[in-house]
Amino acid sequence: MVSKSRQQGFTLVEIAIVLVIIGLLIGGVLKGQEMITNAKVSKVENDYKGITAAILAYQDRYGVLPGDDPSASTRFPGTWTAADNGNGNGVIAGAWNSTNNTQEARKIWKHLRGAGFLKGPVDGTAASYQQPAHAFGGLIGFEQGLYNLSGHVIVFGALQGNVTQILEARGDDGNPSRGSVQGNATATAYPLHTNYAVAYSS
């Protein structure tokens with residue numbers, strides 16, 4: 001007599017339980033990613049406020065903008081030369097993403113470090129002028145008159161469109177070509193998967 005073995009499959013209840021567990025895991029991962037993104041966005045906003053406060057405090061204390069300070073080399077400890085001074089004309093010259101340490105937009109970081117408003121070396125090495133990085137990994141820079149903005153313009157580079165949309169919604173009018181938060185001079189929307197340099201005007 002030949003015995004027949006019967007294969008048993010999963011019941012509908014078992015399959016439903018597995019699907020619910022998978023759904024909960026996916027939901028938990030997505031919620032976790034959302035929380036991480038929101039925390040990083042808050043860090044970007046706080047970095048903007050902190051750097052703005054540091055620039056204004058420097059100006060209040062020394063009567064001149066950091067980066068533009070013509071006496072920085074004689075004010076602070078560390079390694080300084082006359083080339084580290086600004087020209088004192090009231091404008092911080094240079095592009096926000098410049099790598100040229102003779103531009104005031106780079107000197108601003110050494111001046112702020114020398115005054116103790118930012119952490120970092122003032123030893124004359126390239127690290128003295130290095131732009132800080134923000135929570136999403138891009139660089140923070142400074143440029144006056146960028147896009148449609150005037151005055152102090154602090155720039156956060158390499159932010160994806162979904163992040164810039166959040167920053168716009170939380171800090172401005174949702175349009176990247178106007179207001180105090182801008183992504184460029186002409187765009188009216190942020191494509192989600194495009195990197196942007198987002199500028200804040202104080």
Side-chain angles (χ1 to χ4, degrees), residues 36-37 39-147 149-160 163-164 167 171 180-184 195-202:
I36 291 170
T37 298
K40 288 182 176 180
V41 167
S42 295
K43 180 74 166 62
V44 167
E45 293 171 326
N46 288 334
D47 284 344
Y48 163 69
K49 293 173 186 174
I51 292 170
T52 299
I55 291 170
L56 295 176
Y58 189 106
Q59 187 176 26
D60 184 60
R61 181 180 297 176
Y62 303 110
V64 66
L65 288 166
D68 189 48
D69 187 348
S71 303
S73 63
T74 61
R75 291 190 197 281
F76 311 116
T79 304
W80 297 81
T81 69
D84 291 323
N85 293 330
N87 61 16
N89 69 349
V91 176
I92 301 173
W96 75 270
N97 54 357
S98 173
T99 57
N100 182 348
N101 294 336
T102 65
Q103 290 196 347
E104 292 178 339
R106 291 280 285 183
K107 294 176 186 179
I108 186 175
W109 306 112
K110 185 171 184 179
H111 292 189
L112 288 173
R113 290 182 177 116
F117 291 117
L118 288 182
K119 292 181 180 179
V122 284
D123 55 8
T125 64
S128 301
Y129 310 91
Q130 180 61 48
Q131 299 162 256
H134 58 69
F136 292 94
L139 294 178
I140 303 171
F142 185 96
E143 183 173 342
Q144 289 199 219
L146 185 65
Y147 305 147
L149 300 168
S150 60
H152 302 130
V153 179
I154 298 169
V155 185
F156 293 82
L159 288 173
Q160 282 203 318
V163 174
T164 59
L167 290 168
S180 61
V181 181
Q182 294 189 23
N184 61 43
N195 281 346
Y196 283 92
V198 174
Y200 279 83
S201 176
S202 58

Q. Under 3.5 Å, is there a donor-acceptor pair between the side chain of N46 and the main chain of S42?
A. yes

Q: Indicate yes or no: at least one non-hydrogen side-chain atom of Y48 is less than 4.5 angstrom from one of V44.
A: no

Q: Say whether, by atom type as modelled, one donor and one acceptor occur between the side chain of T74 and the main chain of S71 under 3.5 angstrom.
A: yes

Q | Rounded distance [0.5 Å steps], NZ in K49 versus CD1 in I154 | A | 12.5 Å

Q. How long is the span from the CZ atom in R106 to the OH atom in Y129, to the nearest 0.5 Å?
A. 9.5 Å

Q: Taking all heavy atoms of G138 and all of A158, pick out the closest pair and write down the distance.
A: CA-CB, 4.2 Å

Q | Short side-chain to backbone donor-acceptor contact, N101 and A126, under 3.5 Å | A | no

Q | Reported CG-to-CD distance for the pair L146 and Q144, which is rounded to 0.5 angstrom | A | 11.0 Å

Q: Considering non-hydrogen atoms only, spot the tightest contact between D84 and T79 and give its length.
A: OD2-O, 4.1 Å

Q: Would you name the heavy atoms of A197 and V155 that are closest together and state the gap between them?
A: CB-CG1, 3.8 Å

(Q) Can you confirm whether L56 sits close enough to H152 that some side-chain heavy atom of one is under 4.5 Å from a side-chain heavy atom of the other? (A) yes

Q) Any donor and acceptor pair, going by atom type alone, linking the side chain of K107 with main-chain N or O of A83 inside 3.5 Å? A) yes

**Q.** Donor-acceptor contact below 3.5 Å, side chain N85 vs main chain S73
**A.** yes

Q | Distance in Å, I92 CD1 paired with E104 CD, rounded so as to fall on 0.5 Å steps | A | 7.0 Å

Q. Centroid-to-centroid, Y200 to F156, below 6.0 Å?
A. yes

(Q) I need the minimum non-hydrogen distance between Y58 and A72, along with the two atoms involved. (A) OH-CB, 4.3 Å

Q: Working to the nearest 0.5 Å, report the span between CD1 of I55 and CD of Q59.
A: 9.0 Å

Q | Nearest heavy atoms of S128 and R113, plus distance in Å | A | O-NH1, 2.8 Å

(Q) Strictly distance-based, threshold 3.5 Å: is any side-chain N or O of Q131 a donor or acceptor partner for the main-chain N or O of W96? (A) yes

Q: First locate atom OG1 of T99, then atom CD of Q130, and finally report the distance between them rounded to the nearest 0.5 Å.
A: 10.0 Å

Q | Taking every non-hydrogen atom, the tightest pair across L159 and F136 | A | CD2-CD1, 3.6 Å

Q) Between the side chains of D123 and T125, does any donor sit under 3.5 Å from an acceptor? A) yes

Q) With distance as the sole test, does H111 use its side chain to make a donor-acceptor pair with the main-chain N or O of L65 at under 3.5 Å? A) no

Q. For the side chain of Q182 and the backbone of S201, is there at least one donor-acceptor N/O pair under 3.5 Å apart?
A. no

Q | Member of L118, V122, D69 meeting the side-chain contact (heavy atoms from CB on, under 4.5 Å) criterion with K110 | A | V122

Q. Between V198 and Y147, does a side-chain contact (heavy atoms from CB on, under 4.5 Å) hold up when you go through it step by step?
A. CA-CA 10 Å; V198 174; Y147 305 147; over 6 Å; no

